[in-house]
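When a ligand or atom number is given, it counts from 1 through the structure's own listing order. Each residue takes its place number in the sequence, starting with 1.
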Amino acid sequence: MLTFLSVLVPLAGAQNKSPASKPPKMPPRPKLVVLLVVDQMRADYVEKFRGQWTGGLKRLVEEGAWFRDAAYPYADTETCVGHATISTGALPATHGMISNEWFDRELQKTVTCTADSKVKNLGYAGARVTGGDSASEMLVPAFADELKFQSGSGTRVVTFSLKARAAITMAGLLGDAVTWFDADVGAWTTSSAYPVAAFVEEFAKAHPAAGDYGKTWAPMLPAPAYLYDAKATGAVPPVGFGAAFPHPLRGKPDSTGPDPVFYCQWQTSPYADTYLTRIAETAVDKLELGARAGTDFLAVSYSSLDYVGHAFGPRSWEIQDVLARLDQDLAELFAHLDKKVGKGNYVVVLSADHGVVPIPEDMQKSGMDAGWLNVESVKERVEKSLEPFKYAKPAIAAVGADDVYFTAGTYDKLKNDPAALRAVLEAIQSVPGVAHVYREEELEDQPATQSPILRAEAAGFLKARSGDLVIVPKPYWPWDSSTPTSARQYGTTHGTPHYYDQRVPVLLMGYGIQSGEYFQSITPADIAPTLAALCGITLAPRDGRVLAEVLKKPSAGDAYTKPVSSRAPNARP
Ligand SMILES: [Zn+2]
Ligand SMILES: [Zn+2]
C-alpha cells in the first residue's frame, strides 16, 4: 500500500501542475509574416547599389538570408504574373495569371488579370472610382488565403500597393484590407470583393496623396555617390519631368492643383513609397498586427521603382535614388515592427516581380545589338502574309505583347493549311527583334525539352488564356507598343524570358531564418512554400520548394523536438 501511494503521489502532483483548463501548447509560429515586393527591382541592384544603403535594405542584406541566384523560370515577366507566383508558390501555368492582361476569347476583348464584372471598386475618402477588380481569376489560393483558412485563429490579411494587380494577387480572396491607388482620380481604392477598412478611410482622409503636390524630387545622396550619368540616355520621363533631376511634382505645366498628371508624377517618385510605408505602419498599429493569437499577414508592393524604371531605365540616378529612399523607409518600418511585434517574432521576405532591360538606345550607343520589337509590325506583316490565301480580314484579333490571338476559327483553319501557316510564321520571324515563334501545340502539357526558352514559355502557357502563337524576342529587344498615331510612352520595359527580366533579389529575415549568402538556384515560387513551412500549413501546388537551407533547426528544448515521455514528471513544458 505504501509503495503504491509513493508512486501515486508524485503522479497526482504532476497532474495538478498542468491544469485541464490550460489550452494545449501550440507549436511556435511567427506572429507576423511581412511580404515586401519591390516592383521591377533587378537582382543586381543589390550588388551594384548596396554601398549607398544604410537602412532597411542594408539590414536585410546583412542580417537576413540573401539568395543571389533567384530568377523566375517563365517567360511573361510582368507584374501580375510575378506577384501571383510569389503569393501562391505556383507557376503561371498553374495559378493562371499568365500576363497583366489577355484576350478573352468568349468576351472577344482584352481583359486585365484582376477584372471582375461581378464586383465594384470603392474609393476611400469619398472618391468616385470605376471598374471592378478581384482575385477571381487566380486558379489556386494565395498563401494568405491558406494561412487564414488553416490556422483558424484570427489571421488578418492586409495588403497595399499602387497597383490593383499587386495588392489583389498578394491577398487572394480572403483579404481583410486590400488597398491600391487609382491614379485617374488620386484615390485609395478597394472593391466590393473585400471589406472596407475603417483605418484606411481615416488615413486616406487625413493624408491625401495630394499633400505632396508642389514638392520637388531632388537627389538625396551627394552627386559622387551615384553610378552612371546624371542624364539617362533614351529616357522617356512622365509629362512635367525633365530628362534629369530635379523633378517638380506640379502636374500639367498650366496646372494650379493636383491633376491626373500630378498623380502620375507622384507614382513615379519616392513619395509614393513613403506613403505606402506609413499606411502599412498604421495598419500594424490600428489592427494590432502580430500582437494577437494568430499569425497575421502584411504585404506591401512598392510600385514606384517600376514607374521610374520604365521612364529612366536601370542605369539612372533616379533608380538609385528611389532605392536609397526606400532603404530609409524600410529602416523605419523594421524599427516599427521591432517595437510593436518584437524583433525575431516576425519574418520578412523581400523580392521583386521581374527585372528590366536596359534602354535600347543606351545600349546601341555602346555598339551593342539592341532595338525595339514593334507590336504593330507583327500585326501588319501577318495580315499581309495571308492576303494570297484569301483569309477574312482581320485575321488577328489581338496581339498582347508575346501572345498572338487569331480571330475565331482562323487558327484551326491555319493548322490544316500548311502553306498559309508557314507564310504567317515567316512573316513574324521577319520582324526585327524576333528570335522565335512557338505554336500553342508546342507549349501545351509541359513538353520535355532541354531548351530553357521553350521550358520558360511552357511554364507560363495556359491554353484558355494564352495566344495561338507565342513570340520570343531577341535579347535586348523589348516590346514597343507605339503605333503610327501614338508614340511609345516608356523608355524601357520587361516581359521576356531573358535573364535580366527573370532575375530578382530574394531576401528573408527574422523568425526562423538562418542569415547568410546563398548561391543555390531558386525561384520566387519557393517563397510561399517556405512561409508555409514556417507557419505549419500546406499549399495546394508544389511548383516551388521549401528553402530548407535557410530554416533554422528547432532548438533542443523546443516543444517540437523533445518527446513528452522523456520529460521529468514535474518539468514545465
Ligand atoms: Zn511589375
Ligand atoms: Zn513594369
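Checked options Asp543, Asp76, Leu462, Thr85; the residue passing with Pro92 is Thr85 (criterion: side chain to side chain contact (heavy atoms under 4.5 Å, CB included)).
Every pair passing side-chain hydrogen bond (donor to acceptor under 3.5 Å, both in side chains) that includes a residue from residues 166-182 is listed here, sequence neighbours excluded: Lys148-Asp176. The list of salt bridge (Lys or Arg N to Asp or Glu O under 4.0 Å) pairs with a residue in residues 304-313, not counting sequence neighbours, reads Lys163-Asp306.
Side chains of Asp501 and Thr496: a donor-acceptor N/O pair is present below 3.5 angstrom, by distance only.
You'll find the ring centres of Tyr213 and Tyr271 outside the 6.0 Å limit.
Remark: Gln364 engages Glu361, Ala370 in a side-chain contact (heavy atoms from CB on, under 4.5 Å) (not counting sequence neighbours).
Looking only at N/O/S atoms, Asp353 comes nearest to the Zn ion (ligand 1) through OD2.
Excluding water, every protein N/O/S atom under 2.8 Å from the Zn ion (ligand 2) is given here by residue and atom: Asp306 OD1, Asp306 OD2, His310 NE2, His494 NE2.
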